[in-house]
Amino acid sequence: MTRRAGYIAVVGRPNVGKSTLMNQIVGEKISIISRKPQTTRHRIHGIYTTENTQFVFVDTPGIHWQEVRHLNKQMNRAAINTMMDVDVVVWVVDAQRWTDDDERVLSCLKPVSCPVILFINKVDRIKDKAQLLPMIDALSKRYDFEAVVLGSALKNKYLDELLHEIEQRLPESEFIFPEDYLTDRSLRFLVAEIIREKLMHFLGDEMPYSTTVEIERFDESSPDRAEIHALILVERKGQKKAVIGEQGQRIKKIGMAARKDIERLLDSHVRLELWVKVKEGWADDERAIRSLGIDSER
Ligand code: GDP
Ligand code: MG
């Protein structure tokens with residue numbers, strides 16, 4: 001049988017269930033789910049490989065709609081670029097709630113030329129599915145979707161149907177990544193996400209939007225404990241100070257809390273080293289984006 005493989009962008013405003021959907025499909029917790037929107041930030045990708053098809057999911061956390069509105073045109077453009085650069089876009093909306101941010105996503109979809117599938121999520125909350133017909137009708141008039149799928153990421157309902165719709169639109173191709181490629185990457189990503197989550201927890205609103213975490217070393221070869229070195233990249237000196245805190249108190253707390261979670265994840269002792277570095281204008285820096293994303297592998 002012919003093989004298919006391709007890139008899929010899962011887009012949508014915060015809280016519609018993108019991370020939940022990705023986690024269900026990829027079958028591994030690659031991005032932390034949080035009640036707070038926007039925990040994921042870099043282009044995390046999850047890979048789901050079946051016998052004949054490889055789905056490479058590109059999360060587009062570049063789409064931080066609230067912030068885009070104010071200042072971050074660059075990220076907005078990055079999100080659009082991501083959508084132009086994939087084989088299929090899955091637009092996730094919430095069956096229960098339509099907001100201005102959904103409108104904004106829709107307007108960003110306008111220049112996208114690849115197939116767009118509308119996934120109406122959280123239908124488990126809707127008793128009478130016929131209630132959704134006006135929404136489907138209205139949206140279909142505003143955009144020429146390749147397919148519309150109703151489902152529930154949380155309850156794992158109709159995700160097979162979604163995958164089937166995606167699959168048909170992926171190009172015939174050999175697999176892009178080796179089948180075991182992602183496991184290791186996912187763990188790294190997950191570790192980075194845990195650290196990000198702790199940063200957010202201990203910094204709250206002080207956490208700069210542009211903070212990224214890079215795992216520089218991930219060594220599980222010792223039977224006693226894993227050795228992990230992570231780099232926290234911030235944009236300005238003041239932000240570095242905020243992360244480190246008075247006499248390093250804050251970074252210490254962040255490190256301790258992160259280590260606990262990572263130990264649970266890896267089921268092993270962990271030595272975690274955190275470094276904070278100012279990476280001025282990183283968002284412009286192709287290299288930084290590459291090291292976090294998938295561009296270099298394409
Ligand atoms: P994201 O911001 O788009 O990545 O959204 P998340 O995946 O973090 O989900 C946001 C919230 O919606 C979480 O509390 C999820 O548990 C919830 N959620 C996601 N999918 C569903 C669904 O199909 N049904 C219901 N009832 N809740 C969902
Ligand atoms: Mg998310």
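The basis for the numbers below is simple: all heavy atoms, side chains too, and nothing from hydrogens, waters or symmetry mates. Everything numeric in this text was worked out from a predicted model, so none of it was measured. Atoms within each ligand, like the ligands themselves, are counted from 1 in listed order.
At a 4.0 Å heavy-atom cut-off, ligand 1 touches N15 through backbone and side chain alike. Only the side chain of D124 comes within contact range of ligand 1, with a heavy atom under 4.0 Å; no backbone atom does. By the criterion of a heavy-atom distance under 4.0 Å, both the backbone and the side chain of K122 are placed next to ligand 1.
Contact of the V10 side chain with the F119 side chain is not registered, since no non-hydrogen atoms from C-beta on lie closer than 4.5 Å. In this structure, V148 and L139 have side chains that are not in contact, with every pair of non-hydrogen atoms separated by 4.5 Å or more.
Side-chain contact of H201 with E197: a donor-acceptor pair under 3.5 Å is absent, judged by distance alone.
Using cut-offs of 30° and 60° for the angle between ring planes, the F55 and F57 rings count as parallel.
Of the candidates A95, S152, S19, G151, it is S19 that places a heavy atom closest to atom 4 (O) of ligand 1. When I120, N121, V11, V16 are checked for heavy-atom proximity to atom 20 (N) of ligand 1, N121 turns out nearest.
Enclosure of atom CH2 in W275 is not indicated, since only 12 or fewer non-hydrogen atoms of other residues, nucleotides or ligands lie within 6.0 angstrom.
Closest of all the heavy-atom pairs between A230 and I195 is CB-CD1, 3.6 Å.
In terms of N/O distances under 3.5 Å, ligand 1 is not approached by K155.
Heavy-atom contacts of K18 reach the following atoms of ligand 1: 1 (P), 2 (O), 3 (O), 4 (O), 5 (O), 7 (O) (cutoff under 4.0 Å). Atom numbering of ligand 1 starts at 1 in the shown order; those under 4.0 Å from a heavy atom of P14 are 2 (O).
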